[in-house]
Amino acid sequence: MDLPLRSALSLLVSEVASFFILWSIIGTVLRIAYNYYLHPLSRFPGPPGAACTKLWLAYMEVWKGVNLTDLRFQLHEKYGDIVRIAPNELHFSNPSVYKEIYNLGNKWDKDHHLYYATDLDSFFGSPRYPEVKLRRGVLNPFFSKAAIVKMQHLVQERVSRLSRIARRSSDLSLGFKCFSADATSLYCFGNCFDQTAACDFNAPLLIAMEQSLPSFSLRKQFGAIVWLVRNFSNSPITSILPSAIRSLCLLYNIIDSQSQKIILDQQKFEETPPSNISPKLLGSNIGGRHSRITARHILRESQVLLCAGSSHVVGTVLMTGTYHLLHNPEMRERLFGELLTVWPNLSQPPRYETLERLPYLTAVVKETLRLAPATPVGLARVVPPEGATISGVRIPGGTSVSQSSLFVHLSEDVFVYADDFAPERWLGPDAAKLDQFLVAFSDGPRSCQGNNLAYCELYLGLAHLFRRFDLRIDESRPPSLDWKEHFLSYHTGEHLHVFCSPRSS
Ligand code: HEM
């Protein structure tokens, strides 16, 4: 190529590039100006940065390392009950608003900006209610109370194993997660992942799950990460990625191999049908984007059911309850005394239905669910095109709205001394009124589908631990409940190490 032609071409390339750069700068400035001055939400209070761009939240979370839950509380203190936390997003603080957003009448979509960081292919991450309705329908009988009661021996078996394995100074933060992963995998897939067998509960699946949580903030901003992990989790390229994303790749690989086993066993499942989820999902016609569920979908569902849905959350709740009980000897003794009334002989553990009727244990379970930061994130929903009235204010269609359950659970207007662990509050004369404010499983058409299984694991987990063992915190490693929001709560403090001395009778 001769020289004049080459320089003409490079001039053209640089002019086109400058044009696009200039155009995107003008576009960004115009978008920011629109968001700030003309956007339908511009009348709502909030930090100016949040009104201009959703990168403000990313900056606070990723760059400044702020815990989003703390930030929400601070913003409400400064700006009032309704805060514009992103250009198109409102967060509400008044606890009475929760049921206005999350209720059976509102078939509102989940906001895909939040959920694409989970996995849009799983039904948890799938934003549109009509797409998941059929799939929820297929699984409903499987997660019903009656089904859980019938299959409780699977959970009993795993909690007994946890009790056999717990030893001197056990890491119960991990132990509970292992128990829940085992119980859920056994219940859902007929195939126990046997995480409790790992030495000192250092199970690779649970460790990878925990260490991958901080990647959530990045995934939320850069959807490509989810795609990358999903398609290249085995590739050597992953070695150059940040450690939280490497853990996510590892998690995918572990679940992938476990799920392959499930899929291979499918034939066996079909011959022994009653208990597991895979054959019910596999091949069932679910309509929507995917007309039939394939083996690949099972992988996605397994990941959500096992990690986000179950082991991490159930584990966090059990750990929080145990932590508080171990710091309150009177409560521990009261619980033990009540358990003795239905479980006098150690070798004959009661059934779940019996435990469920114990008032104090029930109060402990409720109080634990209230205080544990199970899902601290604001579960964002999109207001339908016709708009909606929330908290007496007209909200335009297309707005993303949310309220973190912590704004209900920690509200002093609802729960007196809300920061204190006080199971007694669930036994007083006003207790029945409080039930509507326990929203750990959320509410409405996208509420937790595994809540019956979760309750079964919580009752059996706490009852077995406190009946079978004399427990004492390992003071050489003082535990802390500190955590940071990464959709779920990421435990940043020391794990709960407990001396577990088996009771003789
Ligand atoms: C204490 C334990 C648990 C808590 C606090 C909890 C809480 C929640 C919450 C708040 C949601 C709503 C999420 C959203 O709106 O995006 C949810 C959804 C879900 N949970 Fe749970 N969960 C627990 C245990 C379980 C268990 C054991 C399972 C089953 C193995 C399970 C399965 C699910 C599923 C499938 C969904 C998605 C429902 C949908 O998107 O339509 N969860 N859970």
Side-chain angles (χ1 to χ4, degrees), residues 67-77 81-83 85 89-104 106 108 110-111 114-115 117-118 124 213 216 304 308-310 312-321 324 363-382 390-391 400-423 425-426 431 433-452 454-455 458 481-491:
N67 185 349
L68 284 188
T69 302
D70 296 341
L71 181 66
R72 272 189 227 105
F73 276 101
Q74 287 156 12
L75 293 179
H76 280 292
E77 215 157 86
D81 275 354
I82 308 178
V83 175
I85 54 169
E89 194 172 343
L90 298 176
H91 187 272
F92 296 77
S93 68
N94 188 331
S96 65
V97 166
Y98 196 88
K99 301 267 167 134
E100 290 185 43
I101 299 175
Y102 311 94
N103 66 64
L104 279 174
N106 288 350
W108 298 354
K110 289 182 171 182
D111 183 353
L114 176 69
Y115 286 90
T118 56
F124 176 86
L213 278 182
F216 187 80
V304 169
S310 165
H312 184 80
V313 186
V314 175
T316 302
V317 176
L318 281 171
M319 186 274 290
T320 308
H324 286 295
V364 166
V365 168
K366 286 182 181 174
E367 186 66 349
T368 300
L369 278 168
R370 183 182 75 81
L371 274 189
T375 43
V377 68
L379 302 164
R381 301 289 187 261
V382 181
I390 304 176
S391 195
S400 176
V401 292
S402 64
Q403 180 173 66
S404 159
S405 58
L406 294 181
F407 281 77
V408 184
H409 291 168
L410 298 181
S411 164
E412 286 287 339
D413 294 339
V414 181
F415 299 101
V416 183
Y417 296 116
D419 287 339
D420 293 354
F421 182 78
R425 71 174 85 243
W426 299 98
K433 278 194 232 145
L434 291 183
D435 277 343
Q436 59 179 309
F437 293 105
L438 188 60
V439 291
F441 296 102
S442 190
D443 212 334
R446 302 300 300 269
S447 65
C448 179
Q449 201 173 11
N451 64 342
N452 289 319
Y455 271 118
L458 295 178
L481 292 179
D482 291 350
W483 55 274
K484 190 168 177 215
E485 174 186 322
H486 289 292
F487 195 102
L488 304 176
S489 56
Y490 173 64
H491 191 176

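These numbers were taken from a predicted model, which means no experiment stands behind them.
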| CD of Glu77: more than 12 outside heavy atoms within 6.0 angstrom? | no

Within 45° cone and under 6.0 Å: Arg425 NZ/CZ vs Phe415 ring
no

In terms of heavy-atom contacts, Leu488 and His312 come closest through CD1-CD2, 3.7 Å

dist Ile85:CD1 -> Leu71:CG (nearest 0.5 Å) comes out at 8.5 Å

Can you list the steps and then say if Phe124 with Lys110 is a side-chain contact (heavy atoms from CB on, under 4.5 Å)? CA-CA 10 Å; Phe124 176 86; Lys110 289 182 171 182; 4.1 Å; yes

In this structure, OG of Ser489 is separated from NZ of Lys484 (nearest 0.5 Å) by 13.0 Å

Heavy atoms of Lys99 and Asp443 approach each other most closely as NZ-OD2, 3.0 Å

Just by distance, do the side chain of Ser411 and the backbone of Val408 share a donor-acceptor pair under 3.5 Å?
no

Minimal heavy-atom distance between Leu114 and Gly378, with the atoms involved, is CD2-O, 3.6 Å

NE2 (His91) and OG (Ser400) are apart, to the nearest 0.5 Å, by 10.5 Å

Exercise. Dump the intermediate steps for ring pair (Phe, Tyr, Trp, His ring centres under 6.0 Å) on Tyr98 and Phe92, then the final yes or no.
Key: CA-CA 8 Å; Tyr98 196 88; Phe92 296 77; over 10 Å; no

dist Ser96:OG -> Phe437:CZ (nearest 0.5 Å) comes out at 7.5 Å

Next on the checklist: So does Ala422 get a backbone contact from the side chain of Glu367, meaning a donor-acceptor N/O pair under 3.5 Å?
Outcome noted: yes

Are any of the side-chain heavy atoms of Pro376 and Trp483 separated by less than 4.5 Å?
yes

Partner of Phe441 under side-chain contact (heavy atoms from CB on, under 4.5 Å), picked from Asn452, Asn451, Thr375, is Asn451

Side chain to side chain donor-acceptor pair (under 3.5 Å) filter on Ser93, not counting sequence neighbours, yields Asp81

Checking Leu458, Leu318, Val317 against Thr368 for side-chain contact (heavy atoms from CB on, under 4.5 Å), the one that qualifies is Val317

TODO: Please report the C-alpha distance between Val439 and Tyr102 in whole Å, then the side-chain angles of each, then the deciding distance to 0.1 Å, and finally whether the side-chain contact (heavy atoms from CB on, under 4.5 Å) criterion is met.
DONE: CA-CA 10 Å; Val439 291; Tyr102 311 94; over 6 Å; no

Regarding Lys366 and Asp435, does a basic nitrogen lie under 4.0 Å from an acidic carboxylate oxygen? yes

Output for pair (Tyr417 OH, Glu412 CD), nearest 0.5 Å, gives 8.5 Å

Here the gap from Asn67 atom CG to Gln74 atom CD, rounded to the nearest 0.5 Å, amounts to 9.5 Å

Correct closest heavy-atom pair for Ser404 and Arg72 would be CB-NH1, 4.0 Å

### Query
Are Phe407 and Thr69 close enough, and set up right, to give a side-chain contact (heavy atoms from CB on, under 4.5 Å), and what steps lead you there?
CA-CA 10 Å; Phe407 281 77; Thr69 302; 5.6 Å; no

- prompt: Would you say Leu369 and His409 make side-chain contact, with heavy atoms under 4.5 Å?
  reply: no

Next item on the list: Determine the interplanar angle of the Phe487 and Phe216 rings, folded into 0 to 90°, and report it as parallel if under 30°, tilted if 30 to 60°, perpendicular if over 60°.
Entry: perpendicular

Next item on the list: Taking the side chain as every heavy atom from C-beta outward, state whether Asp419 and Leu371 have any pair of such atoms under 4.5 Å apart.
Entry: no

Scanning both residues in full, the closest heavy-atom pair of Trp426 with Leu434 reads CZ3-CB, 3.6 Å

Note to self: For the backbone of Trp108 and the side chain of Asn106, can you confirm whether one donor and one acceptor N or O come within less than 3.5 Å of each other?
What the structure shows: no

Closest non-hydrogen contact found for Glu100 with Ile390 is OE1-CA, 3.3 Å

Margin query: Contact between Thr316 and His491 at the side-chain level, heavy atoms closer than 4.5 Å - yes or no?
Written below: no

Note to self: Test side-chain contact (heavy atoms from CB on, under 4.5 Å) on Asp111 and Val382; report intermediate values, then the result.
What the structure shows: CA-CA 6 Å; Asp111 183 353; Val382 181; 4.0 Å; yes

Between His324 and Phe421, how do the two ring planes meet: parallel, tilted or perpendicular, split at 30° and 60°? parallel

